[in-house]
Student: 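Starting off with a structure, shown below.
Start at 1 with the first residue, then count along the sequence.
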Amino acid sequence: MNIKRYHFLKKVSLLGSIALSLMLPAAASADYSSHPDASAFVDKMVEKHGFERQWVETLLGQAEKKQSILDAIARPAESVMTWGRYRKIFIQDTRIEQGVAFWKEHEAALQRAEAEYGVPASMIVGIIGVET
């Protein structure tokens, strides 16, 4: 794996996991920018990972707790389903068609991400399709 791709995936994973950890103990309608751990989180994302401070603060200010998502994360299908059952969720004509449509709609942005981070557009589209 090339170094840009590694750092891109690491940043995405880190941002998601830390943001999720900030959301867990807070209230449903909270502004996560005022969470007790938010300042340290923003500092770390800026200093260690190169994110823009204003962007991270804005993101936290717009975040909302979604209990249905937290419940789903707590019981991931891949830990209770066989691969055969799990695969059927994702490998469907409808999902493939939606993925192709998404790819076409966001082709320019996906090409920029691929050029900058070295992550193939197909991988980005695949991850978005599974994780959203």
Side-chain angles (χ1 to χ4, degrees):
M1 176 181 299
N2 78 34
I3 195 74
K4 278 187 152 186
R5 179 184 305 173
Y6 170 78
H7 287 294
F8 171 77
L9 294 174
K10 187 175 176 185
K11 283 181 182 180
V12 169
S13 175
L14 179 65
L15 181 60
S17 62
I18 294 175
L20 179 61
S21 71
L22 287 174
M23 290 188 288
L24 291 175
S29 60
D31 171 353
Y32 293 103
S33 64
S34 61
H35 187 281
D37 297 329
S39 180
F41 169 69
V42 172
D43 289 344
K44 181 176 183 177
M45 297 310 292
V46 170
E47 294 165 13
K48 186 172 181 181
H49 302 289
F51 285 93
E52 292 182 23
R53 179 173 301 279
Q54 184 61 45
W55 182 79
V56 177
E57 290 172 346
T58 299
L59 183 67
L60 290 174
Q62 296 171 349
E64 297 177 7
K65 182 177 179 179
K66 302 287 186 181
Q67 191 59 48
S68 62
I69 294 171
L70 295 174
D71 292 344
I73 290 170
R75 49 174 172 51
E78 60 268 23
S79 67
V80 296
M81 286 187 174
T82 64
W83 168 243
R85 286 184 59 212
Y86 187 69
R87 183 176 182 272
K88 289 178 187 177
I89 295 171
F90 300 107
I91 310 300
Q92 300 174 359
D93 290 340
T94 305
R95 290 181 67 92
I96 293 168
E97 290 166 8
Q98 291 169 341
V100 170
F102 176 88
W103 196 337
K104 287 178 181 178
E105 181 179 346
H106 301 284
E107 185 172 9
L110 290 163
Q111 286 176 350
R112 284 192 312 274
E114 184 171 337
E116 184 171 345
Y117 299 108
V119 179
S122 59
M123 186 180 292
I124 297 169
V125 172
I127 291 169
I128 290 171
V130 170
E131 296 300 328
T132 59

Student: Mind checking the CE-CD1 spacing from M123 to I127? Nearest 0.5 Å is all I need.
Tutor: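 Reported to 0.5 Å precision, the distance equals 6.0 Å.
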Student: Would you give the length of the straight line joining atom CG of L110 to atom CH2 of W103, rounded to the nearest 0.5 angstrom?
Tutor: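 Answer rounded to 0.5 Å: 8.0 Å.
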Student: Would you find a donor on one side and an acceptor on the other, under 3.5 Å apart, between the side chain of R53 and the backbone of V46?
Tutor: no
Student: Counting only heavy atoms not in E52, do more than 12 sit closer than 6.0 Å to its CD atom?
Tutor: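 Atom CD in E52 is not packed in, count stays at 12 or less.
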Student: Is it true that K66 and E64 make a salt bridge, defined as a side-chain N closer than 4.0 Å to a carboxylate O?
Tutor: yes
Student: Output yes when a side-chain donor or acceptor of H35 lies under 3.5 Å from a complementary backbone atom of D37, and no otherwise.
Tutor: yes
Student: Please check this pair: side chain of E114 against backbone of P120, looking for a donor-acceptor N/O pair closer than 3.5 Å.
Tutor: no
Student: Let me confirm one number: the CD-CZ distance from E57 to F51, rounded to the nearest 0.5 Å.
Tutor: 14.0 Å
Student: Taking the side chain as C-beta and beyond, is there a heavy-atom pair between F41 and L60 under 4.5 Å?
Tutor: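 Of all side-chain heavy-atom pairs linking L60 with F41, at least one is under 4.5 Å.
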Student: Inspect the surroundings of CG in D93 and state if more than 12 heavy atoms from other residues, nucleotides or ligands are less than 6.0 Å away.
Tutor: no
Student: Roughly how far apart are M45 CE and L59 CG, rounded to 0.5 Å?
Tutor: 9.5 Å
Student: Please check if any side-chain donor atom of T94 sits under 3.5 Å from a side-chain acceptor atom of Q98, or the reverse.
Tutor: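 The answer is no; no qualifying pair exists.
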Student: Can you confirm whether Y32 sits close enough to Q62 that some side-chain heavy atom of one is under 4.5 Å from a side-chain heavy atom of the other?
Tutor: no
Student: Do I128 and V119 share a hydrophobic cluster, counting only Ile, Leu, Val, Met, Phe, Trp and Tyr and linking them when any side-chain heavy atoms are less than 4.5 Å apart?
Tutor: yes
Student: Do K104 and V100 have side chains that approach each other closer than 4.5 Å (heavy atoms only, starting at C-beta)?
Tutor: yes
Student: When rounded to the nearest 0.5 angstrom, what is the spacing between CD1 in I124 and NE2 in H106?
Tutor: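 Answer rounded to 0.5 Å: 12.0 Å.
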